Visitor: 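Below is the structure I would like to discuss, written out as structure tokens.
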Amino acid sequence: MTHTPSVPEPLTVKQLINSFDWNGTSLGAQNSWPANLKIILSLVLDTSLPMVIYWGKGNVALYNDAYAKLIGSKHPALLGRPLMDVWPERKAYFNQIVSSIYQKETIKYTTDYHIPGLDNQHLTNTQIEVTFSPILDDHNLVQGMLSMITHIKEPTVPSSTQTIEQLIGGLAHDFNTLLAGIIGNLELMQMRIDQSKLNMLPSYIEAAQKAATKATEITHQLLSFSRRQTLIPHVIDPNHTIKALLDTFYNFIKEDSIKQLINIQIQLEPMIWSIFCDPEHLKNALFHIFKNSCESIHSSGGHILITTQNITITSTNPLRQFIKPDDYIVIMIEDNGEGMPPEMISRATDPFFTTKPLGKRAGLGLSMAYGFTKQSNGHLGIISHPHKGTTVSLYLPRYHRPLMIQTLDNHHEKAKIYKALLISQDSHLCMLLSENLEDLGYSMAIAQTRKETLALLKNDGFFNFVAIDIRLLPDVKEEFIDAIQQICPKISILFITGYEETPSKLKKFINAQSFVIRKPITHTMLADCIKAMENARSKT
């Protein structure tokens with residue numbers, strides 16, 4: 001019998017970057033790269049929109065997997081090479097772009113494009129929209145440029161072109177602004193540490209964290225724009241979710257002289273039913289609706305009322321045309337802002353519809369909330385009247401099983417009596433999880449390859465759960481997961497992903513003891529996931 005040798009999986013761009021000899025480039029050794037380049041690169045690698053960084057005077061290229069697919073046979077030759085070396089046929093054109101970038105201008109253009117070296121007739125008439133934005137340092141000097149590419153499948157539809165330009169252009173502007181906030185505060189922190197002036201560190205840390213949180217939101221919007229979001233549902237208490245968001249709501253309004261006077265009230269049904277949905281997407285949906293309400297209020301007498309209630313939709317209820325008759329909970333956010341006319345209400349959830357002027361980001365918030373409720377077998381309703389206000393209602397199906405509490409018990413008295421195995425080659429992720437897990441009562445072992453993983457599972461005793469960084473497994477090989485489950489049939493698996501499309505590839509592996517967690521990972525998020533896994537394990 002003839003044995004067909006297995007073909008090794010191609011390396012991801014991140015793996016190529018980590019194994020590349022950077023000493024021969026103007027960037028030098030990777031451990032000597034400036035902190036702001038590392039931060040920007042990390043964000044670029046974790047988005048599914050094609051993006052490329054051209055760094056320094058030599059415009060050395062660093063890009064992500066989505067961009068690698070777009071440039072075809074130019075990959076991996078472009079990685080670590082100056083822009084002009086790989087695109088000599090467009091030297092004059094790129095010279096103009098570089099000149100404009102160093103004048104701190106943002107360049108956008110749409111062009112026909114054919115992937116180099118790929119003979120695919122269907123791509124001959126493909127159009128791409130490209131945005132080049134300058135990357136500035138803390139002294140407002142240009143360090144390089146960031147390019148984002150939007151693949152437009154239907155270039156003949158002119159109505160979407162302006163909105164795509166508006167969306168991507170605004171995102172690029174916000175992206176650079178937030179990166180400047182992160183990088184600038186990190187540099188100030190380092191300066192003050194060197195000067196032994198530590199009293200200002202908390203304010204720098206807080207400012208950097210705020211910018212990073214907003215950058216995370218932009219990354220999720222990019223992912224949602226480029227791919228349909230995938231939901232990871234859990235059983236949750238909607239009242240608990242709203243209470244947990246109150247600090248976020250107040251922090252949003254406190255820096256605006258008008259908005260900080262908004263009166264926020266909540267009226268929550270004491271015996272609210274449980275629901276089964278994606279908690280992070282629910283929080284995002286509620287925040288974006290709240291944000292829209294705040295932005296519609298332009299006077300000091302503004303108020304926002306957030307209510308929850310149980311509702312049974314019968315066969316005679318008008319809502320039956322949108323959702324099937326059943327038990328639901330409804331979350332309503334009501335404001336007394338400027339309201340909307342009927343023609344605007346009908347388009348409010350359109351992902352490309354915006355009333356914001358050109359140059360402002362055409363947010364995807366309401367369309368994301370609408371998509372989330374539909375994917376959760378619910379409904380989003382809008383009632384609005386000009387100059388009188390708007391009420392947005394989220395209807396989500398009742399979950400009839402007992403609620404799983406999503407708060408982690410204090411493990412300080414049980415420190416390190418639990419064990420976790422992390423499968424990852426990302427040193428930053430390993431450090432983050434190691435410290436967080438220690439606080440939660442876990443010790444952690446690390447494996448970087450399939451061989452190391454299986455050896456540890458066989459020889460190193462019992463693990464409470466295995467965490468798998470999906471970037472290590474581009475296609476999440478079924479036989480690898482099967483091998484883990486054969487050695488430890490009842491082990492819980494935590495899949496760690498930075499991509500919205502990944503959970504759809506993991507559906508066959510997801511069960512009552514397996515969970516998916518998205519980057520960036522917070523301590524609270526990790527604690528909730530571990531508690532959910534512990535609860536699931538205790539029921540088996």
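Because the structure is predicted, anything quoted here is derived from the model rather than measured.
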Visitor: Which pair of heavy atoms, one from Val13 and one from Ala68, lies closest together, and at what distance?
Guide: CG2-CB, 3.9 Å
Visitor: When you compare the side chain of Ile236 with that of Ser274, does any pair of heavy atoms fall below 4.5 Å?
Guide: no
Visitor: Do Asp482 and Gln486 have side-chain N/O donor and acceptor atoms under 3.5 Å apart?
Guide: no
Visitor: For a side-chain contact (heavy atoms from CB on, under 4.5 Å) with Ile275, tell me which candidate from Leu282, Thr241, Asp237 qualifies.
Guide: Leu282
Visitor: Any heavy-atom pair between the side chains of Leu45 and Met51 that's under 4.5 Å?
Guide: no
Visitor: Less than 4.5 Å apart, any side-chain heavy atom of Leu78 and any of Ile71?
Guide: yes
Visitor: So does Glu452 have more than 12 non-hydrogen atoms from other groups sitting under 6.0 Å from CD?
Guide: yes
Visitor: When the ring planes of Phe287 and Phe249 are compared, do they come out parallel, tilted or perpendicular, using 30° and 60° as the limits?
Guide: parallel
Visitor: Looking at Lys243, I want to see if its NZ is surrounded by more than 12 non-hydrogen atoms of other residues, nucleotides or ligands under 6.0 Å.
Guide: no
Visitor: Classify the ring geometry of Tyr399 against Phe276: parallel below 30°, tilted from 30° to 60°, perpendicular beyond 60°.
Guide: parallel
Visitor: Name the residue from Ile496, Leu421, Ile423, Thr453 that meets the side-chain contact (heavy atoms from CB on, under 4.5 Å) definition with Ile468.
Guide: Ile423
Visitor: Tell me if the centroids of the rings in Tyr67 and His75 come within less than 6.0 Å of each other.
Guide: no
Visitor: With side chain to side chain contact (heavy atoms under 4.5 Å, CB included) as the test, would you mind laying out the steps for Leu41 and Ile17 before giving the verdict?
Guide: CA-CA 10 Å; Leu41 180 59; Ile17 288 173; 4.2 Å; yes
Visitor: Could you walk me through whether Tyr370 and Leu394 pass the side chain to side chain contact (heavy atoms under 4.5 Å, CB included) check?
Guide: CA-CA 9 Å; Tyr370 176 81; Leu394 272 66; over 6 Å; no
Visitor: Is any side-chain heavy atom of Ile135 closer than 4.5 Å to a side-chain heavy atom of Met145?
Guide: no
Visitor: Taking the ring of Trp22 and the ring of Trp33, is the distance between their centroids below 6.0 Å?
Guide: yes
Visitor: Does Met431 form a side chain to side chain contact (heavy atoms under 4.5 Å, CB included) with Asn436? I'd like the steps, not just the answer.
Guide: CA-CA 9 Å; Met431 180 182 70; Asn436 278 281; over 6 Å; no
Visitor: Kindly assign one of parallel, tilted or perpendicular to the pair Phe465 and Tyr442, based on the angle between their ring planes and the thresholds 30° and 60°.
Guide: perpendicular
